[in-house]
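Here the structure is a predicted model, which means the values were calculated and not measured. The figures that follow rest on heavy atoms only: side chains count, while hydrogens, waters and symmetry mates do not. Labels below follow one simple rule: chain letters A, B, ... track the order of the sequence lines, proteins then strands, and each chain is numbered from 1.
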Amino acid sequence: MSTPTLAIPPDSPRLPRAVRILLMETQCELARLLRTRAYSLSVIGFPVMFYLLFGMASRGKPAALYLIAGYACMGVVSACLFGIGATLALERAQGWLDLKRASPMPGLAFLGAKVASCAAFALIITTVLVTLGTTLGGVTVTGWQAAALAGVVLAGAIPFAAMGFLIAFLVPPNAAAGVINLVYLPLSFASGFWMPVSVLPHWLQAVAPALPTWHLAQIALAVFGFAPAAGMALHWAVLGGFTLLMLGAAWITFARSEAAA
Amino acid sequence: MSIALPTPLAAALRQEQHAHSHARTPAATDAVANLDSVVKRYGKTEALRGLDLTLRPGEVLALLGPNGAGKTTAVRLLLGLTSPDAGCVRVLGRDPRSAGARTRIGAMLQVARVPETLLVREHLALFRSYYPRPLATAEVVRRAGLEGLESRGFGELSGGQRQRVLFGLALCGDPDLVLLDEPTVGMDLTSRRRLWEDVRGLAAAGKSVLLTTHHLEEADALADRVAVMSHGRLLCEGTPDEIKRRVAGRRIRCVTSLEVDCLRALPSVIAVRRDRDATVIHADNAEEVVRQLLLRDRTLAGLQVSSPALEEAFLALTGDAAPDETAFEAGVTHS
């Protein structure tokens with residue numbers, strides 16, 4: 001096994017210290033996630049495998065385009081929930097988080113690096129999906145559409161990273177992966193990541209607009225014209241509100257667990 | 001296991017400690033770290049019940065005590081990871097929760113696992129980036145004995161090597177104050193001695209070091225001063241020699257029909273406990289106790305006299321401190 005090594009940048013005094021730490025922390029977090037195969041293979045592997053199975057089956061048809069957006073959403077949600085929820089839950093239980101907090105590491109750099117790393121994974125997944133779609137899937141994706149989709153998943157990393165933080169502080173570490181699957185698979189199904197919501201049972205269609213993942217999917221699908229372009233502001237606003245809600249709940253949970261530990 | 005600690009000994013310890021604490025008060029101002037009457041509760045359990053502790057500049061202080069004595073809680077308070085319910089914690093003249101204090105502190109905590117796919121070199125680089133004036137990587141590697149491990153993943157290391165990496169992380173910022181929570185836990189003897197050398201290196205470089213341990217041997221090997229903790233309080237403190245003198249004595253093991261209370265009343269007996277069929281007596285003057293035993297019990301069998309492991313003697317000191325404490329406090333009120 002050859003481990004890819006990090007190019008550790010020489011101390012660059014021009015950058016503010018906090019920015020340097022954020023970059024360094026992100027680099028380490030990303031390297032660590034990439035090398036953790038249980039994570040990198042499944043988070044990148046599942047959307048890619050699904051696309052090869054179901055996207056290719058609709059080669060050249062609208063569904064092959066739809067699924068690029070749908071699986072990109074699935075990619076960003078799973079990258080964030082597993083990449084933060086599961087890993088941070090373990091770091092907390094194993095004392096690593098305490099050691100980091102005892103150091104002068106800026107807390108925001110630590111959290112920011114986790115968000116950035118998961119966003120990077122979402123970007124990798126999206127790039128692979130767009131490449132597969134335009135080659136094997138026989139659909140056309142314009143440069144603008146690719147860029148817009150990339151922008152959506154990068155921004156989408158923020159609300160689901162926030163949800164990852166809440167899970168990490170709320171769920172016992174051994175149960176984290178199970179709980180995440182229990183949350184994320186139904187969300188993916190009910191929000192139209194895998195098939196249009198219109199083909200789902202009526203009661204699920206009624207529930208979908210209450211799910212943050214549905215709003216993310218609407219924004220991503222609108223890039224390819226599968227969702228109305230109007231109402232984007234509402235979708236973004238819901239994701240923004242969801243982010244604040246998750247961060248607030250994560251903060252309260254964290255503060256409570258600290259008081260008791 | 002039940003150990004009975006006779007009241008006079010506990011009282012003697014405590015009186016000495018009282019004398020100590022009065023003499024100590026003026027030093028608190030130039031202390032590197034200071035806990036003043038600190039109370040810390042977790043739910044209904046009181047982890048610290050009015051702990052006073054002072055770390056002086058340039059000294060190695062060992063916080064010695066059994067599991068659950070409150071050692072780790074004291075370290076967490078000094079690192080600002082948790083807040084006291086009452087009392088005051090100062091580190092390097094500041095509140096430890098302030099960000100500024102942390103750049104001059106290095107900590108080694110009980111960490112079960114660290115991200116395993118990162119290389120030792122990457123861990124060190126990351127921690128060095130947190131500090132304004134970090135120690136050169138080569139120097140961290142040298143002081144923590146990490147030569148040849150830099151390109152290994154943390155997951156590939158042995159237990160002792162992992163502890164050394166954690167020790168290295170504590171040195172990254174070239175700290176003035178180093179806090180080591182159970183630094184040698186789970187280490188074999190060779191690794192332990194190796195880490196002791198590293199800690200002595202810190203002391204030689206003029207750093208102030210506070211380490212927690214439940215091995216008296218470790219405290220003896222490293223510390224200028226030992227503070228013995230039990231049930232969230234300071235039981236006594238002094239140089240390692242002073243502490244060792246208090247836990248001196250020998251262990252007498254035999255099968256006897258004599259009652260425990262009767263044995264306790266024998267001269268110089270410190271503690272008595274039953275161990276299956278046998279009775280174990282911890283006493284200062286073993287010869288005298290043996291003479292008495294043989295006189296009083298003709299059926300006595302299986303007699304053994306040995307020097308107890310220091311740990312065991314130390315446990316005898318702290319093991320049953322709580323009930324005696326109340327006895328002592330009552331005594332003080334009356335006097």
Any pair with a residue in residues 83-93 of chain A that passes side-chain hydrogen bond (donor to acceptor under 3.5 Å, both in side chains), sequence neighbours left out, goes on the list, sorted by first then second residue, please.
A/Arg32-A/Glu91, A/Glu91-A/Lys114
Specify which of B/Ala112, B/Gly80, B/Ala101, B/Cys172 makes the most heavy-atom pairs with chain A at under 4.5 Å.
B/Ala112
Heavy atoms only, distances under 4.5 angstrom: which of B/Leu109, B/Leu166, B/Leu169, B/Leu79 has the most pairs with chain A? Name it, please.
B/Leu109
For A/Phe46, look at atom CZ and say whether over 12 heavy atoms of other residues, nucleotides or ligands are found less than 6.0 Å away.
no
Take atom CG of A/Leu136 as the centre, draw a 6.0 Å sphere, and report whether it contains more than 12 heavy atoms from other residues, nucleotides or ligands.
yes
Measure B/Ile105 against the heavy atoms of chain A and call it side chain, backbone, both or neither at under 4.5 Å.
neither
A/Trp96 and B/His123 aromatic ring geometry - parallel, tilted or perpendicular at 30°/60° bounds
perpendicular
Could you note down all residue pairs passing salt bridge (Lys or Arg N to Asp or Glu O under 4.0 Å) where residues 39-56 of chain A supplies at least one of them, sequence neighbours left out?
none
Can you confirm whether A/Asp98 sits close enough to B/Arg76 that some side-chain heavy atom of one is under 4.5 Å from a side-chain heavy atom of the other?
yes
Can you tell if the side chain of B/Phe127 reaches within under 4.5 Å of the side chain of A/Lys100, non-hydrogen atoms only?
yes
Nearest 0.5 angstrom please: [X] [atom1] to [Y] [atom2], how far?
X: B/Leu118; Y: A/Cys28; atom1: CG; atom2: SG; value: 5.5 Å
X: A/Arg101; Y: B/Arg102; atom1: CZ; atom2: CZ; value: 7.0 Å
X: B/Ser129; Y: A/Glu25; atom1: OG; atom2: CD; value: 7.0 Å

Can you tell me if A/Arg35 uses its side chain to pair, donor with acceptor, with the backbone of B/Thr117 under 3.5 Å?
yes
So which residues of residues 157-177 of chain A are in contact with chain B at a heavy-atom cut-off of under 4.5 Å?
none
Under the side-chain hydrogen bond (donor to acceptor under 3.5 Å, both in side chains) test, residues paired with A/Trp251 that sit two or more places apart
none
